[in-house]
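A quick write-up on the structure given underneath.
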Amino acid sequence: MTAPYSRISELPRHTGENVRVRGWTSHVRSSGKVAFIVMRDGTGILQTVLVKNAVSPEAWTNFGRLTQETSIEVEGEVRADARAPGGFELAVKELSIYGESPIDYPIQPKEHGIDFLLDNRHFWLRTPRQRAIARIRHETEQAIRDFFYDRDFTLVDTPILTAAIGERSGLFATEYFDEGTAYLAQTGQLYGEAAAAALGKIYCFGPTFRAEKSKTRRHLTEFWMVEPEVAFNDSDDNMRLQEEFVSYIVGRVLERRQAELKELERDVSKLESIKPPFPRINYSDAVRILQSKGSAVTWGDDLGAEDEALLVEGHDRPVFIYNYPKEAKAFYMKENPEDPRTVLCDDLLAPEGYGEIIGGSQREDNHDKLLARIKEENLPVEAYNWYLDLRKYGTFVHSGFGLGLERTVGWICGIHHIREAIAFPRTMNRLRP
RNA sequence: UCCCGAGUAGCUCAGGUGGUAGAGCAGGUGACUGUUAAUCACCGGGUCGGGGGUUCGAGUCCCUCCUCGGGAGCCA
């Protein structure tokens, strides 16, 4: 009778029993007649022990063929042992090989350069640290969906292929039958606004594309963004939603992903302080603060990365900067009735130097003002007719924001580059693997 | 596009003032009955990113091109 299969995470429940485990070898060690295999099955790490005269001759021969990342099946008795990582190990009786792994497997248990690792991303994903990041990203995405589901938001999937519409920055273009050029979406927001008039509270969540030649640790050409849009929310409501949302996400990761945060050696005290309310700094005040700190900004300038760092300095949670000058922001943002030089908007800056994770605004709901802004920006009015119609037929106060998933995950994980926050990152110079 | 930095063994890197290339890890062989990125001994491994120049002689100095990384701008 053959022993039942078990996943590594379930092994403690099978102490004293014979089981079979399938997975990949990460380390192989031998000291003569005692040998060790450290293996992985996706649920955990297991140390297995082979004693030469306690295994079959075939198993001992097979051990000699093992290399890093050989896929194998082992059978043996589960036992508690303080010397094993995790406190449990498998005393092997049988060992069979599914797939050999040639000796030139590129990723070794040692330091590698970032470029080399990205070239080998398909293997890099197998390392403990990358697995921890993947699980935290997964938890973050689930938290995002639960947050909105629990608050009666409807998920609306917006198109990825669009006609020219959205932000001003770089677009990826492709030919689209007889319709001319199609562009990969930079935002689902404008479609979200249409859906908000139908469903009240909606969000979209999907990949988004920016053809900017940005070479920084905060930029990808393809990244995931979640964009809620809420009918009858003003800019204040919008910021309240943002701080609740971000706090919820961080709380969920703290609650359910302690092991992964530990693997990443993340200082969790930095995350435990993430609770509403977040500090709010008016743009004009921000300029004054920056000037007092020696910055050269003057009123009307957009804030650079250095300025943002200065503003977040000393805060233990994300900081809102709100109501920027109109010229620094997108055409669809609503003019501030109390200061028409500015628009009702906010950026949310993450602590510890991670920068902007959210951009949000109340949308311009006045048809004529929106049309004037479209013309000022030299945008093709005909492409925006349907968007303008939303202001013509039952216009409504509404607000929303976009949260960058990889930036958020990168901040929560405490990693240096957001490339690690997505399985297969796309950057200016990287289209493969 | 601009400003820095880097390209030397499969990987990570070291190579004052110019004199025909080194280490660790990985790999191979052997030893070892409790290893934790095991340890020890021995062995194999290189068009020093490309091109040009100076020089008796260039990994090293000069010019140029390429590639990559970081930052700026832009943004999530």
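Any value given below was found using the heavy atoms of this structure, including those in side chains, with hydrogens, waters and symmetry copies removed.
Considering only side-chain N and O atoms, A:Arg218 lies under 4.0 angstrom from the phosphate OP1 or OP2 of B:A72. For B:G73, neither phosphate oxygen OP1 nor OP2 lies less than 4.0 angstrom from any side-chain nitrogen or oxygen of A:His219. The shortest distance between the side-chain N/O atoms of A:Arg217 and the OP1/OP2 oxygens of B:G71 is below 4.0 Å. Note on A:Asn53: every side-chain N or O is 4.0 Å or more away from OP1 and OP2 of B:U33.
Residue A:Gly304 is in sugar-phosphate contact alone, with no base atom involved, counting any heavy-atom pair closer than 4.0 Å across all strands shown. Note on A:Arg129: nothing from the nucleic acid sits closer than 4.0 angstrom, heavy atoms only. Nucleic acid contact for A:Phe116: sugar-phosphate only, since backbone atoms but no base atoms lie under 4.0 Å from a heavy atom of the residue. A:Asp302 comes within 4.0 angstrom of the backbone, heavy atoms only, and of no base. At the heavy-atom level, A:Ala35 lies nowhere under 4.0 Å from the strands shown. Note on A:His416: nothing from the nucleic acid sits closer than 4.0 angstrom, heavy atoms only. If you check every strand for non-hydrogen atoms under 4.0 Å, A:Thr408 touches nothing.
Listed by first then second residue, pairs satisfying salt bridge (Lys or Arg N to Asp or Glu O under 4.0 Å) with a partner in residues 345-359 of chain A read A:Arg266-A:Glu352, A:Lys329-A:Asp347, not counting sequence neighbours. Residue pairs meeting the salt bridge (Lys or Arg N to Asp or Glu O under 4.0 Å) criterion with at least one partner in residues 43-68 of chain A, sequence neighbours excluded, are A:Arg65-A:Glu100. Screening residues 36-49 of chain A for salt bridge (Lys or Arg N to Asp or Glu O under 4.0 Å), with sequence neighbours left out, gives A:Arg40-A:Glu69. A salt bridge (Lys or Arg N to Asp or Glu O under 4.0 Å) check over residues 77-96 of chain A, counting only residues at least two apart or in different chains, returns the pairs A:Arg79-A:Glu89, A:Asp81-A:Arg83.
For B:G18 and B:G57, the C1' atoms lie 8 Å apart once the distance is rounded to whole Å. When the C1' atom is used for both B:G7 and B:G19, the distance is 24 Å, rounded to whole Å. Taking atom P on both nucleotides, B:A9 is separated from B:C13 by 11 Å, rounded to a whole Å. For the P atoms, the distance from B:C25 to B:U39 is 7 Å, rounded to whole Å. Nucleotides B:G45 and B:G10 have their P atoms positioned 12 Å apart, rounded to a whole Å. Across the C1' atoms, B:U12 and B:A6 are found 14 Å apart, a figure rounded to whole Å. Going from the P atom of B:U54 to that of B:U67 covers 28 Å, rounded to whole Å. Taking atom C1' in both B:G24 and B:A37, the straight-line distance is 12 Å, to the nearest Å.
Following rounding to the nearest Å, A:Phe123 (CZ) and B:G10 (C1') show an atom-to-atom distance of 14 Å. Distance A:Glu227 CD to B:C75 P: 15 Å, rounded to the nearest Å. Between the CE atom of A:Met428 and the P atom of B:U67 there is a distance of 10 Å, given to the nearest Å. To the nearest angstrom, P of B:A31 lies 10 Å from NZ of A:Lys52. Across the protein-nucleic acid pair, A:Ile249 atom CD1 and B:A76 atom P stand 16 Å apart, rounded to whole Å.
In this model, no side-chain donor or acceptor of A:Ser214 finds a partner on the base of B:C75 within 3.5 Å. Judged by atom type and distance alone, A:Arg210 does not reach the base of B:G73 through any side-chain donor-acceptor pair under 3.5 Å. For B:C68, the base has no donor-acceptor partner in the side chain of A:Arg430 [N/O atoms by modelled type, under 3.5 angstrom].
In terms of the side-chain hydrogen bond (donor to acceptor under 3.5 Å, both in side chains) criterion, A:Tyr283 has no residue partners (sequence neighbours excluded). By the side chain to side chain contact (heavy atoms under 4.5 Å, CB included) test, A:Ile374 is found to be paired with A:Phe331, A:Leu370, A:Leu379, A:Val381, A:Tyr384, A:Leu388, residues two or more places apart in sequence or in another chain being considered. Residues meeting the side chain to side chain contact (heavy atoms under 4.5 Å, CB included) test with A:Glu376, sequence neighbours left out: A:Arg373. Residues forming a side chain to side chain contact (heavy atoms under 4.5 Å, CB included) with A:Ala231 (at least two apart in sequence, or on another chain): A:Phe396. Every side-chain hydrogen bond (donor to acceptor under 3.5 Å, both in side chains) that A:Glu141 has, sequence neighbours left out, goes to A:Arg137.
At a threshold of 4.0 Å, the pair A:Glu73-A:Arg22 does not count as salt-bridged, since none of the basic side-chain nitrogens sits closer than that to a carboxylate oxygen. Of the charged side-chain nitrogens involved, at least one lies within less than 4.0 Å of a carboxylate oxygen, so that A:Asp236 and A:Arg280 count as a salt-bridged pair. Using a 4.0 Å cut-off between charged side-chain N and carboxylate O, A:Asp234 and A:Lys334 make no salt bridge. Here A:Asp307 does not pair with A:Lys293 in a salt bridge; the nearest charged N to carboxylate O distance is not below 4.0 Å.
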Per-nucleotide protein contact along nucleotides 23-30 of chain B, 5' to 3', at a 4.0 Å heavy-atom cut-off (B base, S sugar-phosphate only, - neither), is -BBSS---
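Base-pairing analysis of RNA chain B finds the following stems of at least three consecutive Watson-Crick or G-U pairs, with both pairing distances under 3.5 Å: B:1-7 with B:66-72, B:10-13 with B:22-25, B:27-31 with B:39-43, B:49-53 with B:61-65.
Comparing A:Val51 and A:Arg83 against RNA chain B, the residue whose closest nucleotide sits nearer the 5' end is A:Val51. Both A:Ile358 and A:Glu306 lie near RNA chain B, and the one whose nearest nucleotide falls closer to the 5' end is A:Glu306.
Of the residues in residues 273-295 of chain A, none has a non-hydrogen atom less than 4.0 angstrom from any atom of RNA chain B.
Within a 6.0 Å sphere centred on OH of A:Tyr149, heavy atoms belonging to other residues, nucleotides or ligands number 12 at most.
A stacked arrangement is assigned to A:Phe223 and the six-membered base ring of B:A76, with a centre-to-centre distance below 5.5 Å and an interplanar angle below 30°.
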